[in-house]
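We count ligands from 1, going down the list as the structure has it; atoms in each ligand are counted the same way. Numbers here simply count residues along the sequence, with the first being 1.
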Amino acid sequence: MKNLLTILLLWLTACSAGPSGNTYPVRLNSVGFLPAKAKMATIIQRCTNFEVKRLADDSTVFRGKVTGPFHQKDVNQNAWLADFSAFADTGSFYLDVPGVGRSVTFRISDDVFRLPYVTTMRAFYLWRCGTAVEGDFNGQHYAHAACHLDDGYSDYLDKKDVVRDGTGGWHDAGDYGKYTVNAGITLGNLFLAWEQFSPAFENVKLDLPQTAPGYPGYLEELKWETDWLLKMPYPDGSGRVSHKLTRTNFAGFIMPDDDKGKRYFTEWSSAATAGFAAVMAMAARNFQPYDSAYAEKCLTAAKNSYAFLKEHPEMKPFEQGDFKTGAYKVASDKSERLWAAAELWETTGAPAYLADFESAVPAIHPPLIDSDWDWGNVKNLAMFTYVLSQREGRNPQLLTSIRQAILANADSLVEKGKQDIYGRPLGSRYYWGCNGTVARQAVNLQVANAISPKPAYTNTVVAIVDHLLGRNVYDRSYITGIGFRPPMHPHDRRSAADDVVPPWPGYLVGGGRTATGWQDKQSDYTTNEIAINWQAALVYALAGLVD
Ligand code: 9MR
Ligand code: ZN
C-alpha cells in the first residue's frame, strides 16, 4: 500500500512538473531585481515567513513575514506574498520559505535588465528581412541567408507580374509577412522608448551590423524598419499606403530564405495610411540629428499621406479578398488619424495639426485613456504625445483633462497589479497577444511617471517585467532564452525549421487566452507566437529599467 502511494505521488509530481522541468511554489522574476525598486514573490503554499539568503554562503540577509492568503479566482489558487523591497544589497540570492522550500536564484543589481534589454532588442535585428542575419546566444549560432528578395508583386495594384522594391523591414511574427498597421504601433512604442529613456540606454551596445553609419545602434535598428515602411505607399505619389506585403497564404515551417512564394503589395487602407503618417513624423524628428536629408524624406512622406487622408475623411477598410494572412482589421481608423495629427504637430509645430487633434478628441470613443490597448487602437499614443510635448499652444482645459485621465488610469493599474497574486495589472483579461498588452501597460505607467513621478508607477512596471520573467501561474519565463524555464517551442518558423534546438533568443510569446491556457506548443499560434508589436512593448518596459 505504501509503495503504491509512493508510486502515485511520484507520478503526480512528474505530471505537474511538465516536460521542461520542475515548477516551484515560490515564484518570482528569475532574472532579478533592481536594488532600489520593488521585490515581490508569490508563494502558493501556506507559509508565515521567509528569508532572503545569499547564494555564496547560505547566510540569511533579510527576514520578513508574508501576507495572505489571497484567493484568485481565475487561476483558482491561494497565494501568500513576500515583499523584500526593503532589501537593497547586490549579489546573488534565493528565497527560503520555512515549510515550503526555496526559490530559484536571482540577482540584485543595477544592471540586471541590461542583458534582457539587449537580447530583446537584438531580436528585432534577427527578424530582419531582405538580408542575411546571424547571431550567437548561449553557445548557439542562429542564422539565415538573405530572404524575400523579390518583394513584392504589384498584381493587386493592377500591375500584373510587376515587381517593385519592397525589400527590407522586419518579419511580423512567427510568419514572414510584413504588415503596415502592426509596423505602426511597433515603431510608435520603440520611438517613444527612445524619446523617454535614451540617455540611460543609448550607450548599451547592441552589436548590430553597421547599416546606418553615424546613427546610435538603437535608431539604426528602427531605421531598418523605417526604410521598408517608406516603400509601402503607392508609387503614384497619392500618399495611400498598402495595408500589407505578404503571400496570399502562410508559408509552411521553412526558413525565410526557403520561402519562395510570391508576395504582393495589397490595396491600401486608411488605418495603414494614418499609422504610416504618424510613424514617419516620429522618424523625422528622431532621425533629424543624425541624418537631416533622410528626416526630411520621412517628413515629406508623413505630410503627403496626412494630406490624402484629410481629403478622404471616410474610413477605407482593408478587405482580405484572396488573402488568408493576417488581417489587422481595424474597426475604426479614428485613433490612427488622431495619432497622425498628434505626431505631425509634435514634429512640425504647425497649428493646423494641433487643431485637427484637439477637434477630433471629443469624437473619440471614451475613456480618454485605455488600460487595454493594442494595434487596433492607438489612441493612447496620440494622447501621450500631446501631453508629453514641450510645445506651446495647447487648449489648457483639454490638456488638464488628458493629464488627469493618464494619472487616474495609472493609479488604477497600480491597484490592479496589487490585486493580482502574480502582479499582472490587466485584471482577468486573456486573449491573443495579451502578454503584449501587459508589457504595453508599462507605457501608461511611464508616461504618468513622466507627468507626476511616483515610485508606485515604476514599481508596477517592475511588477510587469517580474510577471513576464517568471512570477506567474506557470512558474516560467515567457521570453525565449531568458530566465527560468523559458518557452522552448514558440510558434516561429525559424525556430522550427533550423537545426538549432533552443529557439531563436529574446522573443516574448503571446500568452494564454484564458488564465491557465498558455501552451508551449509550436502549433499554438494563438498563445505561443512571437510578434513585433508585443516585442516592442517588452523592449519599452525593459528600456525604462535600464540604468
Ligand atoms: O496580434 C493579432 C491578434 O490581435 C489577432 O487577434 C490575430 C487574429 O487576427 O492576429 C494577430 O496578429 C497575427 C497576424 O494576424 C499575422 N502575423 C502574426 C500575428 C501574431 O499572431
Ligand atoms: Zn524575409
Side-chain angles (χ1 to χ4, degrees), residues 124-133 143-152 165-186 189 224-225 227-228 231 243-251 253-264 266 269 271-272 317-318 320 323-331 372-378 426 429-440 487 490-495 497 504 507-513 518 521-538:
F124 277 103
Y125 155 68
L126 292 174
W127 245 321
R128 285 188 185 189
C129 182
T131 182
V133 300
H144 70 70
C147 55
H148 305 118
L149 297 172
D150 287 342
D151 277 356
D165 181 20
T167 56
W170 300 314
H171 301 132
D172 184 60
D175 69 305
Y176 299 135
K178 299 190 286 202
Y179 305 82
T180 306
V181 165
N182 208 34
I185 186 170
T186 299
N189 270 202
W224 184 266
E225 179 78 345
D227 284 347
W228 163 70
K231 301 173 182 175
H243 192 72
K244 62 183 176 181
L245 199 180
T246 72
R247 297 168 42 137
T248 50
N249 211 338
F250 291 117
F253 279 89
I254 53 178
M255 291 302 282
D257 45 310
D258 291 329
D259 177 20
K260 305 289 188 199
K262 275 190 175 178
R263 291 150 60 98
Y264 304 95
T266 69
S269 70
F318 173 71
Q320 284 273 67
F323 288 85
K324 296 194 169 57
T325 50
Y328 287 110
K329 201 173 171 53
V330 171
D372 181 347
W373 58 291
D374 197 352
W375 56 266
N377 171 17
V378 291
L426 189 56
R429 296 173 75 97
Y430 296 90
Y431 51 82
W432 195 326
C434 62
N435 275 351
T437 305
V438 171
R440 205 170 291 112
H491 185 85
D492 168 34
R493 281 166 175 69
R494 299 161 305 171
S495 298
W504 286 49
Y507 293 97
L508 175 66
V509 298
R513 294 163 80 198
W518 172 48
K521 224 168 101 181
Q522 183 190 294
S523 58
D524 189 359
Y525 49 87
T526 68
T527 78
N528 209 31
E529 187 161 1
I530 62 172
I532 58 172
N533 56 322
W534 51 81
Q535 188 74 16
L538 174 63

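Side chain to side chain, D374 and Y431 fail the donor-acceptor criterion of an N or O pair below 3.5 Å. Inspection of the K231 and T167 side chains reveals an N or O donor paired with an N or O acceptor under 3.5 Å.
In summary, D259 and R493 do not engage in a salt bridge, as defined by a charged side-chain N under 4.0 Å from a carboxylate O. For the pair K178 and D151, the salt-bridge criterion is met [side-chain N within less than 4.0 Å of a carboxylate O].
Of all non-hydrogen atoms in Y507 and I530, the two that sit nearest each other are CB-CG2, 3.5 Å.
If you check which protein heavy atom lies closest to atom 15 (O) of ligand 1, you get G326 CA, 3.1 Å. Of all protein heavy atoms, the one lying nearest to atom 13 (C) of ligand 1 is Y328 OH, 3.6 Å. Distance from atom 8 (C) of ligand 1 to its nearest protein heavy atom, with residue and atom name: W432 CZ3, 3.5 Å.
Distance alone, capped at 3.5 Å, places no donor-acceptor pair between the K329 side chain and the G326 backbone.
Atoms SG of C129 and ND1 of H148, as seen from the Zn ion (ligand 2), are separated by an angle of 110°, to the nearest 10°.
Numbered from 1 in the order shown, with element, the atoms of ligand 1 that lie under 4.0 Å from a heavy atom of W375 read 1 (O), 2 (C), 3 (C), 4 (O). Atoms of ligand 1 lying under 4.0 Å from any heavy atom of W534, numbered from 1 in the order shown and given with element: 1 (O), 20 (C), 21 (O). For ligand 1, the atoms sitting less than 4.0 Å from at least one non-hydrogen atom of D175 are 16 (C), 17 (N), 18 (C), numbered in the order shown with element in parentheses.
Annotation: N533 places no N or O atom under 3.5 Å from an N or O atom of ligand 1; distance criterion only. For ligand 1, the polar-atom distance check against E529 finds a nitrogen or oxygen pair separated by under 3.5 Å.
Interatomic distance, OG1 of T266 versus OH of Y179, reported as 10.0 Å (0.5 Å rounding).
Taking the N/O/S atoms of H171 in turn, the shortest distance to the Zn ion (ligand 2) belongs to NE2.
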